[in-house]
Amino acid sequence: MLIYVIAFAIAIIFGLLADFTTSKSSTRTYAISNNQSQAIHTYALLCSPLSLLFITCLRYGVGYDYLRTYMPDYYQFKQGLEIHSDIGFRGFYFVSQLLSDNPQVLFAITGFILILCFYLSAYLLSGSVTLSLCLLFLSGTYVKAISMISQFTAIAFLLLAFSIHYGKRRLAHGKVISTLLIILAPTFHVSALFPSIILIYFIYSQGKNSRKWLVFSTVFPFVVLILERPIVRVILTIVEKTRFNVYINSEFTGLESKSILYTEIIIFIIMTMIVLYTKSCSKAMKYLLILQSFAVCCSLLQEIPLMFRMTFYFASFNVISLPLFVREIQIKWMRYITITGILFLLLVWFLLYPYPNNTDGFLPYQFVFNIGYTYH
């Protein structure tokens, strides 16, 4: 666990330095010129993700699916045998084997893409990475990402697509890039098709009926709760006709967690309260609130095998949405209390569930260059 704490601590320190050098107090208090401040800001931003890239790209056997799924699939793909991965992720197998016979190249490539997408998503949307880095770890998003690599590659693309389109820092041809990323996501994990359709609607709806969507996001979880049984039957009928039918009545049945449901409900309430209190709700915030509503709905339907994994598509947006929401709180002490409360909630949740249960297999940690020596 210590290896993760150190890596994230280093990333967060550089993130804080980047945030500080953009504040007016840095140049006023320490007599730093604007050019010097900008240079420090740039270097800090570039250094911040390095520690995370180091432990993500150079891990060995870390993550539940590392040795159980991706390593066997790597060799099966090499032999021309059928594997269960979707076409986009098969491209990773092809590229990694083109570059080297060492399967670690696959994990280095995917690790780099995951961290880069999460990091850029945070920076482009809110202009800051510090709180997002805290949320990335405490929300369990990171430890799930290094296990369920193909699904979280799709998730990372969706987050980046949203941030490029709605971000504080706009990119040239952003709409085109976002669309391509959204189209690409389901090729890495077909389950990303549903959230991809939602994001495409957001981007091309031009804000029409956004208020109705906001009301819908509040009412929808109650509708799902009331109609839970018939919804479960309908979705199970659909799942039975897909490649995911093997998960029905499998070892994964019953892995649902009420803790996820409670956490997502609390986050949804916090986001809603911020909107009501600040009376400020940009188009991005409205859509992020809707996505959080879907996270709650998916959490309510965990009786369906692996529906808790569908929750992650929407819950992972917390990494970039919460910093955007708390930024709207103008009173400093209230903003800091809100941030502290959110982080404390997630810390308690992480220490009670992901850490002791280790269902994502992120412990023990070992480096690829020192196999056999583990960090607990």
Side-chain angles (χ1 to χ4, degrees), residues 2-56 112 114-139 141-142 156 159-160 162-164 166-171 267 270-271 274 277-278 280 282 284-285 288 316-347 350:
L2 185 61
I3 197 79
Y4 296 109
V5 173
I6 292 172
F8 272 88
I10 293 171
I12 290 167
I13 288 170
F14 277 111
L16 286 169
L17 180 60
D19 291 343
F20 177 72
T21 50
T22 57
S23 66
K24 293 179 181 179
S25 59
S26 64
T27 55
R28 186 171 60 249
T29 305
Y30 296 97
I32 301 174
S33 69
N34 289 332
N35 288 340
Q36 290 175 320
S37 179
Q38 184 58 46
I40 295 172
H41 174 76
T42 302
Y43 286 127
L45 280 176
L46 291 174
C47 290
S48 181
L50 294 182
S51 59
L52 301 185
L53 287 169
F54 184 73
I55 66 168
T56 306
F112 181 82
L114 283 169
I115 296 301
L116 184 67
C117 286
F118 279 120
Y119 192 78
L120 285 177
S121 299
Y123 180 69
L124 291 174
L125 189 64
S126 63
S128 174
V129 296
T130 308
L131 182 54
S132 288
L133 289 171
C134 296
L135 295 168
L136 180 63
F137 185 64
L138 294 180
S139 68
T141 301
Y142 175 79
L159 262 67
L160 184 56
F162 187 93
S163 293
I164 288 174
Y166 293 106
K168 181 180 179 181
R169 300 173 184 276
R170 297 297 178 92
L171 299 181
I267 290 174
I270 291 172
M271 293 168 69
I274 290 174
Y277 173 76
T278 61
S280 173
S282 64
M285 291 173 67
L288 287 167
S316 296
F317 275 86
N318 295 337
V319 173
I320 61 174
S321 65
L322 287 171
L324 188 67
F325 274 72
V326 297
R327 193 180 65 184
E328 295 299 317
I329 304 174
Q330 299 301 315
I331 303 174
K332 275 191 176 182
W333 65 266
M334 191 176 291
R335 183 166 68 248
Y336 293 147
I337 287 177
T338 304
I339 292 171
T340 304
I342 291 170
L343 294 180
F344 180 75
L345 166 71
L346 292 175
L347 174 62
F350 187 87

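Each residue takes its place number in the sequence, starting with 1.
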[X]: side-chain contact (heavy atoms from CB on, under 4.5 Å) partners, not counting sequence neighbours:
X      : answer
Tyr277 : Ile331, Met334
Ile337 : Trp333
Leu347 : Leu138, Leu351
Cys117 : Ile113, Ala156, Phe157, Leu160

message: Is it the case that the side chain of Thr56 and the backbone of Leu53 share a donor-acceptor pair, with hydrogens and angles ignored and the cut-off at 3.5 Å?
response: no
query: Can you tell me if Thr278 uses its side chain to pair, donor with acceptor, with the backbone of Ile329 under 3.5 Å?
result: no
First locate atom [atom1] of [X], then atom [atom2] of [Y], and finally report the distance between them rounded to the nearest 0.5 Å.
X      : Y      : atom1 : atom2 : answer
Ser163 : Tyr119 : OG    : OH    : 13.5 Å
Ile274 : Arg327 : CD1   : CZ    : 12.0 Å
Ile55  : Ile6   : CD1   : CD1   : 10.0 Å
Phe317 : Ile267 : CZ    : CD1   : 14.0 Å
Asp19  : His41  : CG    : NE2   : 8.0 Å
Ile320 : Leu159 : CD1   : CG    : 4.0 Å

List the residues meeting side-chain hydrogen bond (donor to acceptor under 3.5 Å, both in side chains) with [X], not counting sequence neighbours, and say none if there are none.
X      : value
Thr338 : none
Ser121 : none
Ser132 : none
Tyr4   : none

field: Criterion side-chain contact (heavy atoms from CB on, under 4.5 Å) on Leu131 and Leu343, from CA distance to verdict
entry: CA-CA 9 Å; Leu131 182 54; Leu343 294 180; 3.9 Å; yes
Shortest non-hydrogen contact between Arg335 and Val326, atoms and distance: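 Shortest heavy-atom separation between Arg335 and Val326 comes out as CD-O, 3.1 Å.
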- prompt: Which atom names give the shortest non-hydrogen contact between Phe325 and Met285, and what distance separates them?
  reply: CZ-O, 3.3 Å
Side-chain touch [X]/[Y], heavy atoms, less than 4.5 angstrom:
X      : Y      : result
Ile339 : Thr130 : no
Leu135 : Ile342 : yes
Cys134 : Ile12  : yes

Counterpart residues, ring-ring contact (aromatic ring centres under 6.0 Å, His included), relative to [X] (two or more places apart):
X      : answer
Tyr166 : Phe162, Tyr287
Tyr43  : none
Tyr142 : Phe8

Sequence neighbours left out, cut at 3.5 Å: what donor-acceptor pairs do the side chains of residues 44-52 make with other protein atoms?
| residue | atom | partner | partner atom | Å |
| --- | --- | --- | --- | --- |
| Ser48 | OG | Ala11 | O | 2.7 |
| Ser51 | OG | Ala7 | O | 2.6 |

- request: For the residue pair Thr141 and Ser139, confirm or rule out a side-chain donor-acceptor distance under 3.5 Å.
  value: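 On atom types as modelled, these side chains qualify, holding a pair under 3.5 Å.
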